[in-house]
Amino acid sequence: MRDVAAAADVSLKTVSRVVNRERGVGPETVTRVTDTIERLGFRRNDLARSLRPGQRTTTIGLVVGDVGNPFFSGIARAVEQVARDEGHLVISGSSDEDPEHERELIATLCMRRVDGILLVPAGRDQSYLLPEIALGTAVVFLDRPPGGMSADAVVLDNVGGARRGVEHLLARGHRRIGLLRDSGTVLTAQQRTSGYRAALAGAGIQVDERLLCSGLHDAGDASRATRELLALADPPTALFAVNNRMSLGALRALRDSNHSVALVGFDDLELADMLTTPITVVAHDPAAMGVTAARLLFRRLAGDTRPQQRVVLPTTLVRRGSGEVTP
DNA sequence: GTCATGGCTCTGTTAGTTAG
DNA sequence: CTAACTAACAGAGCCATGAC
């Protein structure tokens with residue numbers, strides 16, 4: 001900037017004004033400075049620009065469970081689009097559902113002075129964010145609400161969606177429905193299990209706890225659990241998988257078995273409609289979640305002081321075949 | 001009073017310098 | 001040798017100035 005100022009024979013301040021398109025600079029000066037900027041290849045240093053207090057870094061942080069998971073990458077893509085429209089850069093990371101890792105990532109983002117944070121919480125307590133929020137960092141939670149504090153959150157209708165999926169199986173005449181779920185600490189899994197129980201209770205069916213498989217970490221675990229369920233003396237005639245990894249595992253196990261078992265999964269799966277028996281899912285829109293959360297974040301950054309928002313996004317049952325298998 | 005422009009100062013961190 | 005101080009980085013906020 002100093003070189004530009006010297007070459008264009010103006011002050012630093014005038015270059016700053018031209019760079020930031022501020023009003024009050026003569027058209028001749030603007031042309032001369034712009035030409036010099038072009039000639040010297042000057043680019044504003046945003047790191048230095050954000051040095052002054054009150055100045056934003058025009059970056060936001062995004063922490064999800066795993067950017068490799070299609071659900072989270074769908075969110076990330078949508079967040080990126082909104083951020084770009086707002087002139088912001090997204091710095092993203094995966095917590096691997098590890099609370100410790102989540103905190104480290106957030107700390108790193110805060111050290112880089114991101115203006116706002118979009119977080120899919122892995123741990124049960126996010127009160128460590130309160131000092132950052134007090135300093136002016138905007139925070140919006142996705143997929144799961146925060147613990148130990150309250151803040152804006154965009155979540156899914158997990159209970160309702162799961163209930164609808166299980167009711168769909170019940171309507172086909174299934175009475176023994178297995179449940180495949182991941183770690184019990186993840187709130188979404190708990191809520192989807194509640195939906196499962198509510199559907200059975202609504203149909204006057206006692207839950208057989210042997211059909212509930214918990215603590216499954218990945219698709220491999222879900223496959224093993226499915227095989228175990230099918231090996232029971234009175235195996236389930238249908239399965240409800242609480243997320244896409246569980247569905248994938250169940251699908252692998254079902255492919256290798258000669259049982260005719262119905263399957264409904266929460267979360268849509270890529271290619272789910274192209275399988276021999278396409279999968280029926282409780283679908284939702286990751287992009288809508290990303291867009292909603294990002295817009296909320298930027299509204300807060302723009303000074304919106306409305307009370308904290310809890311946006312609940314709907315789910316839809318997509319009938320494709322696997323959930324329409326009758327017992 | 002308005003417009004165009006310039007000058008000083010401040011920011012958070014760190015390398016380098018000086019004092020004790 | 002350590003502690004304290006200072007300069008440097010690149011830009012922007014605030015205020016000043018001169019011309020009209």
Side-chain angles (χ1 to χ4, degrees), chain A residues 1-64 76 79-95 99-119 121 123 125-141 146 148-149 151-152 294-306:
Chain A
M1 192 180 245
R2 198 164 51 203
D3 293 346
V4 172
D9 198 26
V10 292
S11 71
L12 281 171
K13 189 66 231 183
T14 300
V15 179
S16 174
R17 288 194 179 105
V18 173
V19 167
N20 295 300
R21 297 187 164 76
E22 283 176 41
R23 298 182 334 116
V25 182
E28 223 170 85
T29 311
V30 171
T31 310
R32 198 166 73 250
V33 172
T34 309
D35 289 350
T36 311
I37 286 171
E38 184 83 15
R39 186 161 56 84
L40 299 184
F42 166 79
R43 238 180 254 171
R44 185 182 65 193
N45 183 332
D46 277 358
L47 239 48
R49 179 174 140 99
S50 54
L51 207 52
R52 279 186 84 87
Q55 282 290 319
R56 299 259 165 87
T57 57
T58 60
T59 55
I60 60 167
L62 170 68
V63 174
V64 299
V79 167
E80 198 184 335
Q81 184 60 54
V82 175
R84 194 191 327 184
D85 293 345
E86 297 282 344
H88 277 61
L89 180 73
V90 183
I91 306 175
S92 54
S94 307
S95 71
E100 194 73 22
H101 201 171
E102 169 196 319
R103 283 192 70 151
E104 280 171 24
L105 274 170
I106 296 292
T108 309
L109 290 169
C110 289
M111 284 193 278
R112 291 192 179 257
R113 296 293 188 271
V114 291
D115 299 335
I117 292 172
L118 292 168
L119 171 61
D125 182 15
Q126 278 70 42
S127 58
Y128 63 85
L129 272 166
L130 289 171
E132 287 304 329
I133 293 171
L135 285 170
T137 308
V139 178
V140 175
F141 288 84
M149 62 172 291
D152 291 324
R295 288 209 180 121
L296 189 49
L297 187 79
F298 283 111
R299 272 211 299 273
R300 293 302 189 195
L301 286 173
D304 180 357
T305 53
R306 285 178 305 166

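None of the values given here were measured: they were computed from a predicted structure. Quick note on labels: first sequence line is chain A, next is B, and so on, each numbered from 1.
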Is it true that a side-chain atom of A:D152 and a backbone atom of A:V140 form a donor plus acceptor pair closer than 3.5 Å? no
Roughly how many Å is it from CZ in A:R44 to P in C:dG11, rounded to a whole number? 9 Å
How many Å lie between NZ on A:K13 and P on C:dG13, as a whole number? 6 Å
What is the distance, to the nearest angstrom, from the CZ atom on A:R23 to the C1' atom on B:dC3? 10 Å
Please determine if a side-chain N or O atom of A:N20 lies less than 4.0 Å away from the OP1 or OP2 oxygen of C:dG11. no
When A:V19, A:T29, A:V4 are each screened for side-chain contact (heavy atoms from CB on, under 4.5 Å) with A:T14, the one that passes is A:T29
Report the distance from atom CD of A:Q55 to atom CG of A:D46, rounding to the nearest 0.5 Å. 9.5 Å
Just verifying a value: how many Å separate A:D115 CG and A:F298 CZ, rounded to the nearest 0.5 Å? 8.0 Å
With sugar-phosphate taken as primed atoms, P, OP1 and OP2 and all else as base, the protein-contact string of nucleotides 15-20 of chain C at under 4.0 Å (heavy atoms; B, S, -) is ------
Atom CD of A:E22 and atom P of B:dA4 are separated, to the nearest Å, by 13 Å
Could you state the atom-to-atom distance from CZ of A:R49 to P of C:dC9 in whole Å? 21 Å
Below the 4.0 Å mark, does C:dA10 have OP1 or OP2 next to a side-chain nitrogen or oxygen of A:Q55? no
Touch class at under 4.0 angstrom, heavy-atom based, for A:R43 against every strand present: sugar-phosphate
Any chance you could measure A:L297, atom CG, to A:L119, atom CG, to the nearest 0.5 Å? 11.5 Å
Nearest whole Å is fine: how far is C:dG11 P from A:D46 CG? 9 Å
Under 3.5 Å, side chain of A:T137 to main-chain N/O of A:I133, donor-acceptor pair present? no
Shortest non-hydrogen contact from A:L109 to A:L62? CD1-N, 4.3 Å
CZ (A:R56) and NE2 (A:H88) are apart, to the nearest 0.5 Å, by 6.5 Å
Verdict with supporting geometry, A:V15 and A:V10, side-chain contact (heavy atoms from CB on, under 4.5 Å): CA-CA 7 Å; A:V15 179; A:V10 292; 3.8 Å; yes
To the nearest 10°, give me the bend of the helix from B:dG1-C:dC20 to B:dG20-C:dC1, comparing the axes of its five terminal pairs at either end. 60°
Looking for any heavy atom pair under 4.0 Å, which part of the strands does A:G24 touch: base, sugar-phosphate only, or nothing? base
Do any side-chain nitrogens or oxygens of A:T29 fall under 4.0 Å of OP1 or OP2 in B:dT5? yes
Protein within reach of the bases, or only the backbone? For nucleotides 9-16 of chain B, mark each nucleotide 5' to 3' as B, S or -, using heavy atoms under 4.0 Å. BBBS----
Do A:R300 side-chain atoms and A:A138 backbone N/O form a donor-acceptor pair below 3.5 Å? no
Can you tell me how far apart CG (A:D304) and CZ (A:R299) are? Round to the nearest 0.5 Å. 6.0 Å
Any base atoms under 4.0 Å from A:V10, or only sugar-phosphate, or nothing? Heavy atoms, all strands. sugar-phosphate
Ignoring backbone atoms, test whether A:T14 places a side-chain nitrogen or oxygen under 4.0 Å from the OP1 or OP2 oxygen of B:dT5. no
A:R21 (side chain) donor-acceptor with A:V18 (main chain) under 3.5 angstrom: no
